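On a predicted model such as this, the values are computed, not experimentally measured, just so you know.
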Amino acid sequence: MSDLIPSSIEMPKTEKDDPRVGYWLQNKPQKTKVVLIGFPSDEGVRRNGGREGASEAPDKIRQELYKMTPDAEETTLFIDLIEHTTDVGDLKTSGNLEEDQQKLGNIVAGYLEQGVIPIILGGGHETAYGHFSGYAEANLKTSIFNLDAHTDVRPLNNGKAHSGSPFRQALEHETSVETYLVAGLQPYSVARSHLKFIDEHGGDYLFRDETNITSISGFFHRHESERLMVTFDMDVVDQSQAPGVSAPCANGIAADLWLTAAYLAGRNEQVTSFDLSEFNPRYDRDSQTAKLAALTIWHFLLGLSQRS
């Protein structure tokens, strides 16, 4: 794992009877069940003409996540999980997106083969193709669930990957995706040709006004794969609650729905990996989006801790 750089974020200093999540995440458990991996890249956003800055996100998320307490209602279950969770640091990114995605895929593959659940802190949404590459490298079939305002199945730009192309790349990969499911789409941000592409590849989609707890829960089970890769793009959240993103959304979904979806993903035993992408600290306000991103990871961990 020499491609990883340990995080420099310090554990918060609190009283012994008030421990925080960072205390456990900085430990190295004997038996690891979950790992956090940072992917500090926004080269794909740059190539896609978006606002750069997502490469600064992983440590900003850690700063907020490390300060959070274990769940106060189901403390034992939560601690039982995070005692077996570790933060392995950030991938050493080079700026060569294709190489960086492959490196991420190699790391993710190693954990998937061990039955460890990777949680990837992006990064632009090019993170998702590196994430998927882990399944391809491990020769594991998977379906994909994407919570996003956009389909992200755009063609490559002059043969190069970008933040708008990860799921076209995944669907066209020789290790084919079994089903691609995307929820939260904004009808003013989606081309009909992209919906047709999803239809032709056996996928399905929900628009913003169709996206609710019931439909998201249904989508988590609307596939026949043994595995489900989950990816959350923060630009699906309303910009009043998530201003720090590459492409702000004036009428996005509510933060409550977003967090509940993260919890449901954690609870779902078919979910074998998770990434959070497109948080852009340069455009954040009072760390509002950073806190929401960290709380997203916290809710996913909460769901994981309650698996039967």
Of all the heavy-atom pairs spanning S277 and T127, show the shortest one and how long it is.
OG-CB, 3.5 Å
Main-chain N/O of G122 paired with E278 side-chain donor or acceptor, under 3.5 Å:
no
Check: F207 main-chain N/O paired with E210 side-chain donor or acceptor under 3.5 Å
yes
Working for side chain to side chain contact (heavy atoms under 4.5 Å, CB included), residues D71 and W298
CA-CA 9 Å; D71 179 40; W298 188 95; 3.7 Å; yes
Quick check on K28: does its NZ atom have over 12 non-hydrogen neighbours (other residues, nucleotides or ligands) under 6.0 Å away?
yes
What verdict does the side chain to side chain contact (heavy atoms under 4.5 Å, CB included) test give for T289 and S287, after you've listed the backbone C-alpha separation in whole Å, the side-chain angles of each residue and the deciding distance to 0.1 Å?
CA-CA 6 Å; T289 318; S287 299; over 6 Å; no
What residues form a side-chain hydrogen bond (donor to acceptor under 3.5 Å, both in side chains) with N157, not counting sequence neighbours?
none
May I ask you to decide if T214's main-chain N or O and N212's side chain share a donor-acceptor pair within less than 3.5 Å?
yes
I'd like to know if the side chain of S273 pairs up with that of H131 as donor and acceptor (distance under 3.5 Å, no hydrogens or angles considered).
yes
What are the two closest heavy atoms between K141 and R227, and how far apart are they?
O-NH1, 2.9 Å
CG on L195 to CG on L185, rounded to 0.5 Å:
7.0 Å
Between the main-chain N or O of H150 and the side-chain N or O of D148, is there a donor-acceptor pair closer than 3.5 Å?
yes
Using a 6.0 Å cut-off, check whether atom CG of D209 has over 12 heavy atoms from anything other than its own residue.
yes
Under a 4.5 Å cut-off applied to non-hydrogen side-chain atoms, are F279 and F232 in contact?
no
Kindly assign one of parallel, tilted or perpendicular to the pair H173 and Y129, based on the angle between their ring planes and the thresholds 30° and 60°.
tilted
For G53 versus R282, what's the shortest heavy-atom pair and its separation?
CA-NE, 3.5 Å
Working for side chain to side chain donor-acceptor pair (under 3.5 Å), residues N48 and H125:
CA-CA 10 Å; N48 200 31; H125 216 179; over 6 Å; no
For G266, is there any backbone N or O sitting under 3.5 Å from a side-chain donor or acceptor partner on R307?
yes
Backbone N/O of A161 and side chain of E98: donor-acceptor pair under 3.5 Å
yes
L292 side chain reached by L259 side chain, heavy atoms, under 4.5 Å:
yes
Close side-chain approach of F274 and I117, heavy atoms under 4.5 Å
no
For residues A247 and D235, report the shortest heavy-atom separation together with the two atoms involved.
O-CB, 3.2 Å
Non-hydrogen atoms of P58 and L121 that approach each other most closely
CG-O, 3.4 Å
Please tell me whether V177 and L228 are part of a single hydrophobic cluster in this structure, the criterion being side-chain heavy atoms less than 4.5 Å apart.
no
When the ring planes of H201 and F197 are compared, do they come out parallel, tilted or perpendicular, using 30° and 60° as the limits?
tilted
Is there a side chain to side chain contact (heavy atoms under 4.5 Å, CB included) between R154 and H162 once you walk through the steps?
CA-CA 9 Å; R154 292 181 179 276; H162 53 87; 3.8 Å; yes
Assess whether atom CD of E73 is packed by more than 12 heavy atoms of other residues, nucleotides or ligands within 6.0 Å.
no
Suppose we screen for side-chain contact (heavy atoms from CB on, under 4.5 Å). Which residues come up paired with R51, at least two apart in sequence or across chains?
S246, P248, N280, Y283
Backbone N/O of T179 and side chain of S143: donor-acceptor pair under 3.5 Å
yes
Rounded to the nearest 0.5 Å, what separates atom CG in D3 from atom OG1 in T93?
10.5 Å
From E113 CD over to Y135 OH, what is the distance, rounded to the nearest 0.5 angstrom?
12.0 Å
Hydrophobic cluster membership, with links at side-chain heavy-atom distances under 4.5 Å among I/L/V/M/F/W/Y: are L276 and L301 in one?
yes
For the side chain of E137 and the backbone of A109, is there at least one donor-acceptor N/O pair under 3.5 Å apart?
no
Please determine whether the number of non-hydrogen atoms from other residues, nucleotides or ligands lying under 6.0 Å from atom CG of D18 exceeds 12.
yes
Atom CD of residue position E83 - does it have more than 12 heavy atoms of other residues, nucleotides or ligands inside 6.0 Å?
yes
Please tell me whether N106 and Q102 have a donor and an acceptor in their side chains that are separated by less than 3.5 angstrom.
yes
Which atom names give the shortest non-hydrogen contact between P70 and I82, and what distance separates them?
CG-CD1, 4.3 Å
Among the clusters formed by ILVMFWY side chains lying less than 4.5 Å apart, do I119 and L77 turn up in the same one?
no
Are the side chains of Q26 and Y66 in touch, meaning some heavy atoms are under 4.5 Å apart?
yes
Distance (rounded to the nearest 0.5 Å) between I253 CD1 and Q186 CD
9.5 Å
Please tabulate, for side-chain N and O atoms in residues 34-41, each donor-acceptor pair with protein atoms closer than 3.5 Å (sequence neighbours left out).
from : atom 1 : to   : atom 2 : distance (Å)
S41  : OG     : E126 : OE2    : 3.1

Would you mind reporting whether K103 and N96 have side-chain heavy atoms less than 4.5 Å apart?
no
Main-chain N/O of L25 paired to T85 side chain as donor or acceptor, under 3.5 Å
no
CG-CG distance between L4 and D90, expressed to the nearest 0.5 angstrom
8.0 Å
Do side-chain atoms of H299 reach the backbone of L295 as a donor and acceptor pair under 3.5 angstrom?
yes
Describe, in one word, how the ring planes of Y180 and F167 are oriented to each other, choosing from parallel (under 30°), tilted (30 to 60°) and perpendicular (over 60°).
parallel
Please examine the side chains of T14 and Y23, heavy atoms only from C-beta on, and report whether any two atoms are closer than 4.5 Å.
no
Flag side-chain contact, heavy atom, 4.5 Å: R20 against T69
yes
May I have the step-by-step check of side chain to side chain contact (heavy atoms under 4.5 Å, CB included) for I198 and D204, ending in yes or no?
CA-CA 7 Å; I198 294 171; D204 205 352; 5.9 Å; no
Is L304 linked to V88 within one hydrophobic cluster, defined over Ile, Leu, Val, Met, Phe, Trp and Tyr using a side-chain heavy-atom separation of less than 4.5 Å?
no
S308 side chain to E269 side chain, donor-acceptor N/O pair below 3.5 angstrom
yes
Going by distance alone, is a donor N or O of one side chain under 3.5 Å from an acceptor N or O of the other, for T296 and W258?
yes
Just so I know, are the side chains of Q63 and D59 near enough to count as touching, which here means a heavy-atom distance under 4.5 Å?
no
Value for CG (L156) from CZ (R168), rounded to nearest 0.5 Å, stands at 8.0 Å
Salt bridge (Lys or Arg N to Asp or Glu O under 4.0 Å), paired with E64, selected from K60, K67, R62:
K67
If you group Ile, Leu, Val, Met, Phe, Trp and Tyr by side-chain heavy-atom gaps below 4.5 Å, do V236 and V230 land in one group?
yes
